There are 2 protein chains.
Amino acid sequence: MTEKALQQLKTAETEKISHLDYFNIGITVDCVILGYEEKELKVQLIKSDMQEYSGLYSLPGDFIRPDEDLEAASYRVLKEKTGLDDVYLEQVRTFGNIFRHPSGRVITVAYYSLIDIKNHKLQTDLNELHWHPVNEIKKLAFDHKLILDTCLHRLRQQVMEHPVIFNLLPEKFSLRELQELYEAILGVELDRRNFRKKISIKDWLLDIDEMEHNVPHRPGKLYMLKKQFRNKSVKTGAVLQFA
Amino acid sequence: MTEKALQQLKTAETEKISHLDYFNIGITVDCVILGYEEKELKVQLIKSDMQEYSGLYSLPGDFIRPDEDLEAASYRVLKEKTGLDDVYLEQVRTFGNIFRHPSGRVITVAYYSLIDIKNHKLQTDLNELHWHPVNEIKKLAFDHKLILDTCLHRLRQQVMEHPVIFNLLPEKFSLRELQELYEAILGVELDRRNFRKKISIKDWLLDIDEMEHNVPHRPGKLYMLKKQFRNKSVKTGAVLQFA
DNA sequence: AATAAATATGTACTTATTACACATTAATTT
DNA sequence: AAATTAATGTGTAATAAGTACATATTTATT
């Protein structure tokens, strides 16, 4: 923003556009909270109780407080809705069409978060949020279907380049579980041998010399993500990548 | 955003957080306007006239008007600053740290734009913006260095996957010019033969059977980008890519 | 006419991707 | 206890993509 714009603002009360008008835009964060269960990618949704969208679900979100960073606002929403605070979270895009919200001008910054549904700290009873398989979602309140699709698109990009997918799995997992998760996110079938070769080349995994338990077939080996690849955000330091 | 948040807002005047507080956040767009000239990537900057940042340059930007879409706001800034309106423009990220702006709480949505410096419609005399080679920029006002770096990082990603780079070139260009542009953006040297092979495989270019003029060496052939690859935004339809 | 500087082009080598089959192990069934 | 089932675990050949590298050609300049 230029000084010119600020001057405009400071003297705005004497002009047509009033000072207040510039601040008459609400700004929120919306969170696409993703989990993985029963070979499906799922998202937390709440039933919209706005008349305009009765019967439709919407994404959890809230206004950004004037004394709160963007990331702090989305972490707060996450903590309120899931009880979790040490989670992967990434900004995706800001949505600001004039008529996107029936109650007035509201611009929203969309984040997506990846959590382990089996995390024992996860509390789903804090509110009226429930898991919904993303593939079954046809329509959402507001522009939330667009927001969801944009986040899923970004997730698919990230997954091909960075080890972010592990945030959706328990600490220990088998190669089969990992492959099924890739397949669920990318919507493709992968060849087991080629998949294992590719993962092996990445050198992300630690063989912890344990086996699966309670599976109705021959148990597979368990692995963990090496510590140096654990990420709570891809963006951390990312702008320095080419510096 | 949930209905609960709206309820909170509607009844806010009876509570500690006043209704006005929620709207007491300014929201702007900032534009990283990029061009290419003399084998260098350049960005349009204006000298900051804020006391806090005297002597430093900053990115062009402005407040979003209450009746204006996000994209409309950034197109408006672009049109005001360059006279151009048919340009490549893409949202990159929203920056909202509490103290990023000395005059108050201002959240900004960053866009980057790619323009052809030799476009005859370009008017650089509309304002006090000037081109600065991005590699020589060490410090900017506000958090604008971070915004610039984030946009450049995104540009480098896009360039590897999509034919966006052509927005920085005149309609007709030689393979040498194209290669030098890739080298400037990616900060690497490329092998001429391998580069040409890769470009040829992409099948982006139309051989228009013309040669360079006024070059102090053997002229090369000129090419154009095929029409179907002309993009004013990578995001157009992108969310449907995996649908 | 000679020189300089850039264009234009192809091949061998290495690395990555894809397609594909069989022996092994543990749980389950008979 | 033996047979069956269902998944794990592994390797190789074929193809495609990426990398390294040199020479003849064309135009402008000297």
Side-chain angles (χ1 to χ4, degrees), chain A residues 36-40 156-157 159-163 165 169-170 172-225 242, chain B residues 36-40 156-157 159-163 165 169-170 172-225 242:
Chain A
Y36 173 68
E37 198 179 34
E38 290 163 355
K39 304 191 188 180
E40 281 185 312
R156 289 181 187 115
Q157 285 185 327
V159 144
M160 298 301 288
E161 298 178 354
H162 303 284
I165 208 170
L169 289 174
K172 301 171 181 183
F173 50 85
S174 69
L175 292 175
R176 173 183 38 80
E177 290 175 297
L178 184 61
Q179 179 177 343
E180 285 169 353
L181 176 50
Y182 271 100
E183 290 174 332
I185 290 177
L186 299 174
V188 294
E189 294 219 331
L190 302 172
D191 177 86
R192 187 154 39 99
R193 285 158 293 185
N194 294 341
F195 173 77
R196 284 166 186 237
K197 198 194 300 174
K198 219 177 214 173
I199 289 292
S200 151
I201 286 166
K202 295 281 186 191
D203 202 30
W204 287 338
L205 300 187
L206 202 61
D207 181 341
I208 54 171
D209 200 31
E210 286 184 53
M211 305 297 276
E212 282 182 298
H213 290 291
N214 308 319
V215 283
H217 52 75
R218 173 180 172 185
K221 289 175 91 169
L222 291 177
Y223 295 83
M224 284 174 63
L225 179 66
F242 289 86
Chain B
Y36 173 68
E37 198 179 35
E38 290 163 353
K39 305 191 187 180
E40 281 185 312
R156 289 182 188 114
Q157 285 185 326
V159 144
M160 298 301 288
E161 298 178 353
H162 304 283
I165 208 170
L169 289 174
K172 302 171 180 182
F173 50 85
S174 69
L175 291 176
R176 174 183 38 79
E177 289 175 297
L178 184 61
Q179 179 177 342
E180 284 169 354
L181 176 49
Y182 271 99
E183 290 174 332
I185 290 177
L186 298 174
V188 295
E189 295 219 331
L190 302 172
D191 177 86
R192 186 152 39 96
R193 286 157 294 184
N194 294 340
F195 173 78
R196 284 166 187 237
K197 197 195 300 176
K198 220 177 213 172
I199 289 291
S200 152
I201 286 167
K202 295 282 187 190
D203 202 31
W204 287 338
L205 300 187
L206 202 62
D207 181 341
I208 54 171
D209 200 32
E210 285 184 55
M211 304 299 275
E212 284 183 296
H213 290 291
N214 306 319
V215 283
H217 52 75
R218 172 181 172 185
K221 289 175 92 168
L222 291 178
Y223 295 84
M224 283 174 64
L225 180 66
F242 289 87

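Note that the structure is predicted; figures quoted are calculated from it, not measured. Numbers restart at 1 for each chain; the letters A, B, ... are given by sequence-line order, proteins then strands.
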>> Show the nearest heavy-atom pair for residues Glu177(B) and Phe173(B), with the distance to one decimal.
In response: OE1-CA, 3.3 Å

> What is the distance, rounded to the nearest whole Å, between atom CD of Gln179(A) and atom C1' of dA7(D)?
Replying inline: 12 Å

> Where each residue is assigned the nucleotide of DNA chain D containing its nearest heavy atom, which of Asp191(A) and Pro219(A) is assigned the position nearer the 5′ end?
Replying inline: Pro219(A)

> Expressed in angstrom and rounded to an integer, what is the separation of His217(B) atom NE2 from dA8(C) atom C1'?
Replying inline: 14 Å

> What do you reckon, is CE of Met160(A) surrounded by more than 12 foreign heavy atoms closer than 6.0 Å?
Replying inline: no

>> What is the separation between atom CD on Glu212(A) and atom C1' on dT25(C), rounded to the nearest whole Å?
In response: 13 Å

>> For DNA chain D, which residues of residues 196-211 of chain A approach it to below 4.0 angstrom with any heavy atom?
In response: Arg196(A), Lys197(A)

> What closest approach, in Å, do Leu190(B) and Glu183(B) show between heavy atoms, and which atom pair accounts for it?
Replying inline: N-OE2, 2.8 Å

> Between Arg196(B) and Leu175(B), which heavy-atom pair has the shortest distance, and what is it?
Replying inline: NH1-CD1, 3.7 Å

> Considering residues, nucleotides and ligands other than Asp209(B), do more than 12 of their heavy atoms fall under 6.0 Å from its CG?
Replying inline: no

> Whole-Å distance between dA7(D) C1' and Leu178(A) CG?
Replying inline: 17 Å

>> If you count every heavy atom of other residues, nucleotides or ligands that lies below 6.0 Å from Glu161(A) atom CD, does the total exceed 12?
In response: yes

> For the side chain of Asn194(A), counting heavy atoms from C-beta on, which of dG11(D), dT27(D), dC21(D) is nearest?
Replying inline: dG11(D)

> What is the distance, rounded to the nearest whole Å, between atom CZ of Phe195(A) and atom C1' of dC20(C)?
Replying inline: 18 Å

> Among dA26(C), dT9(C), dT18(C), which nucleotide sits nearest the side chain of Arg192(B)?
Replying inline: dT9(C)

> Out of dA8(C), dG11(D), dT25(C), which nucleotide sits closest to the side chain of Arg218(B)?
Replying inline: dA8(C)

> Looking across every strand, which nucleic acid part, if any, lies under 4.0 Å from Arg176(B) by heavy atom: base, sugar-phosphate, or nothing?
Replying inline: sugar-phosphate

> Rounded to whole angstrom units, what separation is found between the CG atom of Leu190(A) and the P atom of dT8(D)?
Replying inline: 14 Å

> In whole Å, what is the span from the CG atom of Leu175(B) to the C1' atom of dT7(C)?
Replying inline: 10 Å

> For the residue pair Leu222(A) and Ile208(A), what are the closest heavy atoms and their distance?
Replying inline: O-CG1, 3.3 Å

> Leu222(B) has an atom CG; how far is it from atom C1' of dA6(C), in whole Å?
Replying inline: 15 Å

